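Predicted, not measured: the structure shown is a model, and the values here were computed from it.
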Protein chains: 2
Amino acid sequence: MQKAERITMLKEERFQVILNQLGQDQKVLLSGLSDILKVSEDTVRRDIKELADQGLLKSVRGGAVPHAPGPHNFKDRVEYGNDQKKVIANKALRFLKDGQVVIFDGGTSAMLIAQALPKDIRLTVVTNSFPIASILEEHDKVEVLFAGGRLLKSSFVTIGHETIQYFKKFRADICFFGICSIHSELGVTGPDYEESEVKRAMVESSREVIALSTIEKLGTAEAYYICPTNQLTTIVTDQPDDMSDFNIYKEMGIRMV
Amino acid sequence: MQKAERITMLKEERFQVILNQLGQDQKVLLSGLSDILKVSEDTVRRDIKELADQGLLKSVRGGAVPHAPGPHNFKDRVEYGNDQKKVIANKALRFLKDGQVVIFDGGTSAMLIAQALPKDIRLTVVTNSFPIASILEEHDKVEVLFAGGRLLKSSFVTIGHETIQYFKKFRADICFFGICSIHSELGVTGPDYEESEVKRAMVESSREVIALSTIEKLGTAEAYYICPTNQLTTIVTDQPDDMSDFNIYKEMGIRMV
DNA sequence: GTATATATTGCAATAATTTGCAGTATTAAA
DNA sequence: TTTAATACTGCAAATTATTGCAATATATAC
């Protein structure tokens with residue numbers, strides 16, 4: 001510690017820088033951050049560990065990678081791609097019918113669907129997302145079944161073994177699935193291990209699986225496997241459904257919207 | 001305090017300056033504020049602590065950063081100002097130690113305890129209450145395990161078989177127990193069937209059971225049985241502990257506070 | 001008005017946290 | 001296996017936080 005310098009940077013500022021950097025590059029290196037922040041690599045390592053404990057990123061050897069898709073501050077994420085996602089959410093709505101049992105995952109796309117739900121629809125909703133449960137408070141005819149588990153404070157969803165077990169008990173009509181990577185051969189994949197595990201359980205408990213995706217996520221893959229692509233029954237995107245890329249999926253019996 | 005100078009700056013003025021500065025720079029330093037406000041760093045620190053208690057900012061080492069509220073609003077629904085209950089909540093706090101596993105029930109009393117928790121306490125909290133989970137968002141060292149089940153929208157707690165099963169898996173150190181009726185012979189009872197079932201599971205999973213009660217609930221009973229009175233280890237009330245009524249319970253080995 | 005209680009503030013001593021560094025263990029790659 | 005990089009551990013120095021206390025200011029009662 002150099003008394004002479006007195007560069008006063010709060011730990012929280014470093015956190016902010018790290019998360020920003022991470023949102024921008026999808027990865028950060030200890031060496032790079034140490035350089036930018038003018039602190040030792042040890043300190044960066046400790047910072048990353050702390051952020052990882054909060055579930056805001058994932059610590060890996062030599063640096064860190066994002067824990068959740070897209071931007072990493074929840075508040076930002078809600079607004080991110082809002083219009084685009086709203087379009088998708090409204091398209092997805094038409095698949096819902098009165099009396100169905102529906103699983104919502106914890107992503108922001110599913111939140112937008114929940115927000116777009118008519119106030120008087122009658123549903124049973126199974127979810128692991130606090131925000132979604134909160135949104136559904138005003139829907140008198142919607143029964144909410146909430147999956148228990150360890151609370152991930154960054155996104156306010158529950159994860160872990162308990163959560164998975166909870167979903168496995170159901171046989172839902174529809175599962176709405178936040179934006180993941182979809183690849184015709186590699187299947188549906190996600191960037192986070194635990195979340196992907198939960199999503200797999202959701203898929204396996206649903207008769208119909210509707211994946212919400214943006215065009216740039218189609219044909220890409222990430223680290224953690226969720227399910228084979230042909231387990232999806234519908235893919236909802238914001239693009240017109242006459243694109244050539246879609247044929248691969250259509251041939252697998254998946255409806256494109 | 002300099003008598004010669006007589007610069008009388010009210011505490012509220014300092015608060016205003018601090019908050020302005022914070023809004024402008026997204027951070028404030030103790031050193032900087034001490035300089036601007038012409039008061040010692042200790043005073044600034046105390047000011048920041050007070051503002052943090054009001055939730056207007058977040059106190060961090062060396063200064064403060066803006067308070068970032070999450071995407072949920074359960075916290076706001078907490079009814080403030082029940083002084084009687086606040087007194088009880090503060091009395092109950094002293095039983096908590098770092099590292100313990102604690103069960104909180106869904107009542108408002110337990111909520112007040114959660115609110116009174118020091119921000120840096122290290123705990124594992126098991127609960128079925130959304131508001132409590134929400135309150136604990138800011139407690140970085142508190143791990144929240146949430147019990148799944150059917151969501152009761154009126155009070156935002158989960159209930160039912162699943163919830164009970166979840167609690168049964170734990171062996172907690174302490175269970176905090178909202179205000180129920182306590183009768184020396186009829187036991188602890190509650191007004192709602194399902195909630196009482198859940199509470200019974202909570203009690204059975206805890207080594208120590210601390211019941212919060214007001215004096216008028218002692219010696220009364222309600223429709224649904226929860227547990228025998230002697231299963232309680234402590235009863236916390238807002239009354240001085242020398243009342244004759246207390247002896248009945250003391251003789252059962254229950255500590256009265 | 002005075003006197004007493006209450007709250008605020010600064011100061012000093014002590015406790016806790018943060019940070020960098022050095023040494024050691026562990027991991028990944030050649 | 002060997003080698004280089006990364007991670008972990010303990011420790012010391014610097015910084016910050018907490019606590020008790022005394023001095024002063026403010027409020028309240030008399």
Once you round it to whole Å, what is the distance between [atom2] of [N] and [atom1] of [X]?
X	N	atom1	atom2	value
A:Leu30	D:dA7	CG	C1'	9 Å
B:Leu29	D:dA17	CG	C1'	16 Å
B:Asp42	D:dA17	CG	P	10 Å
A:Lys49	C:dT19	NZ	C1'	15 Å
A:Leu33	D:dT6	CG	P	13 Å
A:Glu50	C:dT17	CD	P	12 Å
B:Ile48	D:dT16	CD1	P	12 Å
B:Glu41	D:dT15	CD	P	12 Å

Would you indicate whether the side-chain heavy atoms of [Y] and [X] approach each other to under 4.5 Å?
X	Y	value
A:Pro66	A:Gln26	yes
A:Arg14	A:Thr43	yes
A:Lys11	A:Glu50	yes
A:Phe177	A:Ile226	yes

Tell me which nucleotide among [options] gets nearest to the side chain of [X].
X	options	answer
A:Arg46	D:dA7, C:dG20, C:dT18	C:dG20
B:Arg14	C:dT9, D:dT16, C:dC21	C:dT9
A:Thr43	D:dA7, D:dA17, C:dT19	C:dT19
A:Arg45	D:dG10, D:dC8, C:dA12	D:dC8

Using heavy atoms to find the nearest nucleotide of DNA chain C for A:Lys11 and B:Asp47 separately, return the residue whose nucleotide is more 5′.
B:Asp47
Checking all strands, does A:Val60 fall into the base, sugar-phosphate, or nothing category for heavy-atom contacts under 4.0 angstrom?
sugar-phosphate
Could I get the full list of side-chain contact (heavy atoms from CB on, under 4.5 Å) partners for A:Val60, not counting sequence neighbours?
A:Val65
Report the end-to-end axis angle of the helix from C:dG1-D:dC30 to C:dA30-D:dT1; each axis comes from five terminal pairs, and the value is rounded to 10°.
40°
Would the B:Tyr166 and B:Phe146 ring centres measure less than 6.0 Å apart?
no
By salt bridge (Lys or Arg N to Asp or Glu O under 4.0 Å) - contacts of [X] (at least two apart):
X	answer
A:Glu12	none
A:Glu41	none
A:Arg200	A:Glu197

Show each protein N/O and nucleotides 25-30 of chain C N/O combination with a separation under 3.5 Å, one pair to a line.
{"from": "C:dT27", "atom 1": "O2", "to": "A:Arg61", "atom 2": "NH2", "distance (Å)": "3.2"}

